[in-house]
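See structure below.
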Amino acid sequence: MDNNYILQSKIQTQKAQEIIQKLNIIGIWEASGATINLIGSLKLGLLAKHRDIDFHIYTPSLNVMESFGIISKICNHPQIKKCEFTNLSHTDEHCFEWHLWYEDNEQNLWQIDMIQILQGTKYEGYFENIMQKILHEMTALQKQTILKLKYETPDDVKISGIEYYKAVIQDNIQTLDELLQWRKKQNFSGIIDW
């Protein structure tokens, strides 16, 4: 197994952590009274070529004006180039979705997803629990395989992180061809469970 994938992932992880610090994302949300948790590939040590940073944020209410106020502090940084907002507060997800794009010093765009979820609703802690299960079950060899597959996936093929994790950890998928064949047999719609 090529350890180059692990090295590349470590470099990406360090860059992501620097962006989080530079934007003071955690500090800004915590100052508002929110609970903020890192999730996704960065949390799992599986960040590959797709530059994304994912947070779930929990607040006792979903107030559009307050949320925009918090996001404006993060967007005030000159390297934030774009911001999108989706109001899903009246759905089963009870959340606001924030998507920011940060341009690093090499002109690479990083997507920062911040999902603000109403405390006490269905998805509070849901994805954090999935992250813990993956971390508990994933072996070092499976981690290497997941990173290899992520780096080998063509840029125009969109595969969510949890698909890689389910394929490798639960079904022992080893190659990109096996992964693509495996995906054809799955019936994923909406949020993928673990």
When clusters are formed by joining ILVMFWY residues with side-chain heavy atoms under 4.5 Å apart, either directly or through shared neighbours, do I117 and F96 land in the same one?
no
Parallel under 30°, tilted from 30 to 60°, perpendicular over 60°: which one fits the rings of W101 and H99?
tilted
I need the S67 OG to M114 CE distance, nearest 0.5 Å.
8.5 Å
In Å and rounded to the nearest 0.5 Å, what is the CD1 to CD1 distance from I71 to I25?
8.5 Å
L109 and I80: same hydrophobic cluster, using ILVMFWY side-chain contacts below 4.5 Å?
no
Please check: side-chain N/O of Y58 versus main-chain N/O of N37, any donor-acceptor pairing under 3.5 Å?
no
Heavy-atom closest pair, residues L176 and P154
CD2-CD, 4.0 Å
Quick one: are K122 and H94 in side-chain contact, heavy atoms under 4.5 Å?
no
Sub-4.5 Å side-chain heavy-atom contact between K73 and N76:
no
List the steps, then state whether side chain to side chain contact (heavy atoms under 4.5 Å, CB included) holds for L118 with S89.
CA-CA 8 Å; L118 182 64; S89 62; over 6 Å; no
Could you walk me through whether W182 and D177 pass side chain to side chain contact (heavy atoms under 4.5 Å, CB included), step by step?
CA-CA 8 Å; W182 175 88; D177 186 56; over 6 Å; no
Atom CD1 of I134 and atom CG of L46: how far apart are they, to the nearest 0.5 Å?
8.5 Å
Under 3.5 Å, is there a donor-acceptor pair between the side chain of S9 and the main chain of I6?
no
Would you call the rings of F127 and H56 parallel, tilted or perpendicular, where under 30° means parallel and over 60° means perpendicular?
perpendicular
Evaluation steps, side chain to side chain contact (heavy atoms under 4.5 Å, CB included), between I146 and M138
CA-CA 10 Å; I146 290 166; M138 180 174 58; 3.9 Å; yes
When clusters are formed by joining ILVMFWY residues with side-chain heavy atoms under 4.5 Å apart, either directly or through shared neighbours, do F55 and Y102 land in the same one?
yes
Spell out, as yes or no, whether a donor-acceptor pair under 3.5 Å connects the side chain of N129 to the backbone of G125.
yes
Taking S61 for its side chain and N63 for its backbone only, find out whether a donor-acceptor pair lies under 3.5 Å.
no
Can Q14 and E18 be said to form a side chain to side chain contact (heavy atoms under 4.5 Å, CB included), step by step?
CA-CA 6 Å; Q14 182 177 347; E18 289 170 1; 3.3 Å; yes
Beyond-backbone contact of R183 with V157, side-chain heavy atoms, under 4.5 angstrom
yes
When rounded to the nearest 0.5 angstrom, what distance separates CG in L179 from CD in Q181?
10.0 Å
ILVMFWY network linking L23 to I57, side-chain heavy atoms under 4.5 angstrom:
yes
Can T153 and Y164 be counted as having a side-chain donor-acceptor contact under 3.5 angstrom?
yes
Backbone N/O of Q174 and side chain of E178: donor-acceptor pair under 3.5 Å:
yes
What pair of heavy atoms forms the shortest contact from K150 to S41, and how long is it?
NZ-CB, 3.4 Å
Linked, directly or transitively: I74 and L42 (ILVMFWY side chains, under 4.5 Å)
yes
Aromatic plane relationship, Y151 with Y5 - under 30° parallel, 30 to 60° tilted, over 60° perpendicular:
parallel
SB check D54 K43 (cutoff 4.0 Å):
no
Heavy-atom closest pair (E30 atom, I36 atom, distance to 0.1 Å) is CG-CG2, 3.9 Å
For the residue pair N105 and Q79, confirm or rule out a side-chain donor-acceptor distance under 3.5 Å.
yes
Heavy-atom closest pair (G40 atom, M131 atom, distance to 0.1 Å) is N-SD, 3.3 Å
In Å, rounded to the nearest 0.5 Å, how long is the span from CG of L47 to CD1 of I53?
7.5 Å
Assert yes or no for the condition that the ring centre distance of W98 to F68 is strictly below 6.0 Å.
yes
Separation between CD1 of I19 and CD of E103, rounded to the nearest 0.5 Å
11.0 Å
Verify the distance criterion only: is there a donor paired with an acceptor across the side chains of S32 and E66 at less than 3.5 Å?
no
